[in-house]
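A short worksheet on the structure shown next.
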Protein chains: 2
Amino acid sequence: MTAVENVTGPISSFDPYERGCPSRDLLDQIGSKWAVLVLGELGRNGMSRFGRLRQALAGVSEKMLAQTLRTLERDGLVSRTVHAEVPPHVEYELTALGQTLREPLKALTQWSVLHIEEVITARQEYDDRGERSR
Amino acid sequence: MTAVENVTGPISSFDPYERGCPSRDLLDQIGSKWAVLVLGELGRNGMSRFGRLRQALAGVSEKMLAQTLRTLERDGLVSRTVHAEVPPHVEYELTALGQTLREPLKALTQWSVLHIEEVITARQEYDDRGERSR
DNA sequence: CGGCATCCTTTAAGATACTG
DNA sequence: CAGTATCTTAAAGGATGCCG
């Protein structure tokens, strides 16, 4: 959790396994439900607007989408561009930093789609087995 | 969200962008705070016990660790082996399915460690900029 | 259109104590 | 040792209404 520069070389002691380490919270944030989908959508289709994102992420509320976008913007992963028009026109886009998350998140999303059936089967077996033996 | 078998071939219409799709919940689950760390720890050091996991994941409560392990076990990602001894001895290990998650999750964890400083800087700039202009 | 503010309900998480 | 049960607190999420 201490800094990174050191006379003898870089230390980079950030470790999500340590309590209170900011990298743990970041990991939690980028892995959160709506953030994953927002980043995925912007990664696939590029720049998008609030309303379009809301449609793309079926079931997201205004509040959660706005909140997620604010956090991603603050973290430097997404840029927000306001066009001074009436009615308002706001565009969201991945930053260079946000782009570096595309592959890791895509892999995770694809994993969930690819293996969801195995997981569903495992759940059924676990439930059928009953809570016996525990 | 419909099934997968079809006379004309597989459909596999699972899409986390659809509301209520089980792959969305799975994605949420595997990306959750403690699950990521448990899977990462078991991926790096192999089989482990409850107490060791608790130490490895600094700050986790008994309750959350137990809950996370139950969910991972139910999903077929982690196996639980009870050795009938006194005192009790329980070992957790990644299943074959859980192994397939190692790389994707490792990439995500490494990303958070690698880029946390850029994010911290971005946050400071965002905050310094003030909530003005919004 | 793209929000933010407020209120309220539902979950998740944490601390503590106790058991097989 | 490896949990479960219980209680309390914190955070997530939804509904509604207002505004630039």
Side-chain angles (χ1 to χ4, degrees), chain A residues 16 19-20 24-38 41-42 47-74 78-93 126 130-134, chain B residues 19-20 24-38 41-42 47-74 78-93 126 129-134:
Chain A
R19 75 194 287 165
R24 177 185 283 188
D25 296 311
L26 177 59
L27 182 54
D28 195 29
Q29 172 55 31
I30 62 178
S32 73
K33 190 175 178 178
W34 300 120
V36 169
L37 297 180
V38 166
E41 175 65 16
L42 293 178
M47 182 176 292
S48 191
R49 300 177 56 176
F50 190 89
R52 278 191 50 191
L53 285 171
R54 211 188 155 184
Q55 288 185 296
L57 280 59
V60 70
S61 67
E62 261 181 20
K63 182 186 167 186
M64 283 300 105
L65 181 56
Q67 200 173 99
T68 301
L69 286 167
R70 278 308 81 72
T71 303
L72 292 175
E73 187 195 357
R74 189 169 102 100
V78 164
S79 68
R80 177 172 179 269
T81 310
V82 182
H83 298 274
E85 300 173 4
V86 177
H89 189 109
V90 182
E91 290 180 324
Y92 294 94
E93 193 174 14
Y126 181 94
E131 275 63 32
R132 301 171 257 106
S133 82
R134 89 183 34 259
Chain B
R19 75 194 288 167
R24 176 184 284 188
D25 297 311
L26 177 59
L27 182 55
D28 196 28
Q29 172 55 32
I30 61 178
S32 74
K33 189 175 178 177
W34 300 120
V36 169
L37 296 180
V38 167
E41 175 64 17
L42 293 179
M47 183 177 289
S48 191
R49 300 176 55 175
F50 190 90
R52 279 192 48 193
L53 285 171
R54 207 186 159 188
Q55 287 184 298
L57 280 59
V60 72
S61 66
E62 273 181 11
K63 181 186 161 185
M64 289 318 299
L65 181 55
Q67 197 174 101
T68 301
L69 286 168
R70 277 310 82 70
T71 303
L72 292 174
E73 186 195 358
R74 188 168 102 100
V78 164
S79 68
R80 178 172 179 269
T81 308
V82 182
H83 298 274
E85 299 173 5
V86 178
H89 188 109
V90 181
E91 290 181 323
Y92 293 94
E93 191 174 15
Y126 181 93
R129 220 180 295 140
E131 276 61 35
R132 300 171 257 106
S133 82
R134 89 180 40 259

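Below, read A as the first sequence line, B as the second, and so on, with proteins coming before strands; counting in each chain starts at 1.
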- Query: Of all the choices, C:dA13, D:dC1, C:dG3, which nucleotide is nearest to the side chain of B:Arg49 once you look at every atom?
  - Reply: D:dC1
- D:dG3 phosphate, OP1 or OP2, under 4.0 Å from B:Arg80 side-chain N/O: yes
- Query: Rounded to the Å, how far apart are B:Leu65 CG and D:dG3 P?
  - Reply: 8 Å
- Task: Grab the CG-P distance between B:Asp28 and C:dT11 for me, whole Å please.
- Result: 14 Å
- Might you work through the side-chain contact (heavy atoms from CB on, under 4.5 Å) test for A:Glu93 and A:Thr81, ending with a clear yes or no? CA-CA 8 Å; A:Glu93 193 174 14; A:Thr81 310; 5.8 Å; no
- A:Arg70 side chain: which of C:dC4, D:dA2, C:dG2 is closest? C:dC4
- Which of D:dG3, D:dG13, C:dG14 is nearest the side chain of A:Lys33? It is D:dG13
- Message: Whether the side chain of B:Lys63 and the base of C:dA13 hold a donor-acceptor pair under 3.5 Å is what I'd like checked.
- Response: yes
- Just how far, in rounded Å, is P of D:dA2 from CD of B:Gln55? 10 Å
- Query: If we only count heavy atoms from C-beta on, is the A:Val90 to A:Phe50 side-chain gap below 4.5 Å?
  - Reply: no
- Shortest non-hydrogen contact from B:Leu37 to A:Pro16? CD1-O, 3.7 Å
- Query: Side chain of A:Met64: nearest nucleotide among C:dG3, D:dG14, C:dG2?
  - Reply: D:dG14
- Quick one: is A:Tyr92 getting a side-chain N or O under 4.0 Å of the C:dG3 phosphate, OP1 or OP2? yes
- Whole-Å distance between D:dG3 P and B:Leu69 CG? 7 Å
- At under 4.0 Å between heavy atoms, what does A:Glu62 touch on the DNA or RNA strands: base, sugar-phosphate, or nothing? base
- When the distance from CD of A:Gln67 to P of D:dG14 is rounded to whole Å, what number comes out? 11 Å
- State, with a plain yes or no, whether a side-chain heavy atom of B:Leu69 is found less than 4.5 Å away from one of B:Leu53. yes
- Message: Whole angstroms only, please: what is the CD-P distance between B:Glu91 and D:dA2?
- Response: 9 Å
- Query: For B:Ser61 and C:dA13, is the shortest distance between a side-chain N/O and OP1 or OP2 below 4.0 Å?
  - Reply: no
- Work out which heavy atom in B:Ile30 is nearest to a heavy atom in B:Val36; give both atom names and the distance. O-CG2, 3.3 Å
- Item | A:Leu37 CG - D:dG13 P separation (whole Å) | 12 Å
- Of A:Gly59 and A:Pro88, whose nearest nucleotide on DNA chain D comes first from the 5' end? A:Gly59
- Rounded off to whole Å, could you give me the CD-to-C1' distance for the A:Glu85 and C:dG2 pair? 13 Å
